[in-house]
Amino acid sequence: MKTTVLQSTPTSLARAARALHEGKLVAFPTETVYGVGANAKDSKAVKQIFIAKGRPQDNPLLVHVSSQEMLAGVVKKVPPRAKKLIDTFWPGPLTLILPAAKTLAPEVTAGLNTVAVRMPSNAIARALIAQAGVPIAAPSANTSGKPSPTTAAHVKTDLQGKIPFIVDGGPTKFGVESTIIDVSRSPAIILRPGAITKEAIERVIGRVRVAGLTSKLRAPGMKYRHYAPRAVLVLVEDNMAAARAAYAGKKVKLFRSGELTLRNLYAKLRKADDDGYAVLLVPAVKEVGDGLALMNRLKKAASRVI
Ligand code: TXA
Ligand code: MG
């Protein structure tokens with residue numbers, strides 16, 4: 001299959017929106033990472049996403065909407081606490097787990113009776129969804145397991161020849177995925193830390209919990225190894241000297257403390273692979289603010305903790 005990279009001109013966006021409407025796959029920028037989208041009501045289209053990414057079938061997809069009306073079409077109801085979060089953080093990088101309407105292709109929810117849904121703030125994403133006129137199921141546009149794509153070039157590396165269109169909207173703003181929260185429990189629980197901090201959410205709805213890396217409550221997809229570069233990533237909790245000694249003689253990239261941020265993490269991991277490093281030594285950070293999501297991704301990507 002030929003993959004066409006489109007710039008975000010009105011004509012190209014109209015072409016991409018038509019493709020989505022017709023059941024084709026289109027990768028597009030959001031404010032977090034690039035997603036690879038399909039019409040969420042079209043089973044045949046949604047199935048293509050799993051094939052293109054090599055994604056396990058039991059891992060449900062995230063649905064993107066462009067308006068409150070579209071939201072009303074994909075969920076059964078919006079409880080008051082969810083409404084509060086929506087009013088504060090949408091459009092933006094917060095994903096809510098809500099009771100799913102029967103309108104979605106069953107592959108989207110992987111058989112669950114809930115759906116993960118968000119309204120992106122990226123103008124290209126919003127325009128594309130609005131013009132397609134249907135909710136768009138879109139996981140991150142990477143090959144399953146690899147670091148998520150934050151540029152159109154990253155998407156091309158992973159999905160060239162597997163999808164017909166990529167819309168290039170430049171580098172993404174946050175660089176890391178949305179925060180996923182389930183408000184059906186009390187206290188609400190963050191299933192995946194992300195672009196919006198726990199602290200910011202707690203200012204709106206009070207105390208929330210965070211699902212542990214091995215918790216049964218976390219998002220289904222979190223059980224898989226994720227975000228991982230080809231190189232061996234070693235998370236260094238305290239002894240950098242010991243870590244360096246352990247990999248002496250190898251091509252080692254040593255990240256300085258504070259060098260990796262949510263914004264540049266995935267791009268830097270991909271770059272380290274391109275540069276041919278065998279080992280990446282990454283100092284651990286405190287799990288507060290952005291540090292919570294950063295450590296979540298590093299732990300999931302790490303082969304070893306020293
Ligand atoms: O920022 C983002 O969230 C990006 C952009 C493209 O929007 N999307 C993204 O999608 O990260 P994806 O599919 O890579 O991650 C969605 C996560 C998966 O871990 C999946 O298991 C979880 O959401 N998920 C989907 N439906 C769920 C549900 N009903 N209950 C719990 N977790 C769910
Ligand atoms: Mg993903």
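These numbers come from a predicted model, not from an experiment. The residues of the chain are indexed from 1 along the displayed sequence. Order of listing sets the numbers, starting from 1, for every ligand and every atom in it.
- Within the coordination shell of the Mg ion (ligand 2), defined by N, O or S atoms under 2.8 Å, Ser140 is present.
- Under 4.0 Å is where a charged nitrogen must lie from a carboxylate oxygen, and between Asp275 and Lys253 no such pair does.
- The shortest N or O to N or O distance between Thr32 and ligand 1 is under 3.5 Å.
- Numbered from 1 in the order shown, with element, the atoms of ligand 1 that lie under 4.0 Å from a heavy atom of Asn59 read 18 (C), 20 (C), 21 (O).
- Looking at Gly194, Pro139, Ala195 and measuring to atom 10 (O) of ligand 1, the nearest heavy atom belongs to Pro139.
- Comment: Asp274 does not engage Arg270 in a salt bridge, judged by the lack of any side-chain N to carboxylate O separation of less than 4.0 angstrom.
- The contact set between ligand 1 and Leu191, taken as ligand atoms under 4.0 Å from a residue heavy atom, comprises 31 (C).
- The ligand atoms of ligand 1 that sit less than 4.0 angstrom from a heavy atom of Ser140 are 8 (N), 9 (C), 10 (O), 12 (P), 14 (O).
- At least one heavy atom of Leu61 sits closer than 4.0 Å to an atom of ligand 1.
- Summarising the contacts of atom 24 (N) of ligand 1 with Ser178, Pro60, Ser184, the nearest heavy atom is found in Pro60.
- Under 4.0 angstrom from ligand 1, the non-hydrogen atoms of Thr114 come from both its backbone and its side chain.
- A donor-acceptor contact under 3.5 angstrom links the side chains of Tyr266 and Arg297, judged on distance only.
- Taking all heavy atoms of Val36, Ile180, Leu98 into account, the minimum distance to atom 17 (C) of ligand 1 is reached by Ile180.
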For this session: Apply side-chain hydrogen bond (donor to acceptor under 3.5 Å, both in side chains) to the pair Glu107 and Ser43, showing each step before the final yes or no.
Result: CA-CA 7 Å; Glu107 292 79 11; Ser43 278; 2.8 Å; yes
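- Proximity of His64 to ligand 1 is established by a heavy-atom distance of less than 4.0 Å.
- Counted by atom type alone, Ser178 and Arg192 present one or more donor-acceptor pairs between their side chains at under 3.5 Å.
- By the 6.0 Å and 45° rule, Lys53 does not stack over the aromatic ring of Phe50.
- Residue pairs satisfying the side chain to side chain donor-acceptor pair (under 3.5 Å) criterion with at least one member in residues 118-141, sequence neighbours excluded, are listed as follows: Thr30-Arg118, Glu31-Arg118, Glu31-Ser121, Thr32-Arg118, Ser140-Asn142.
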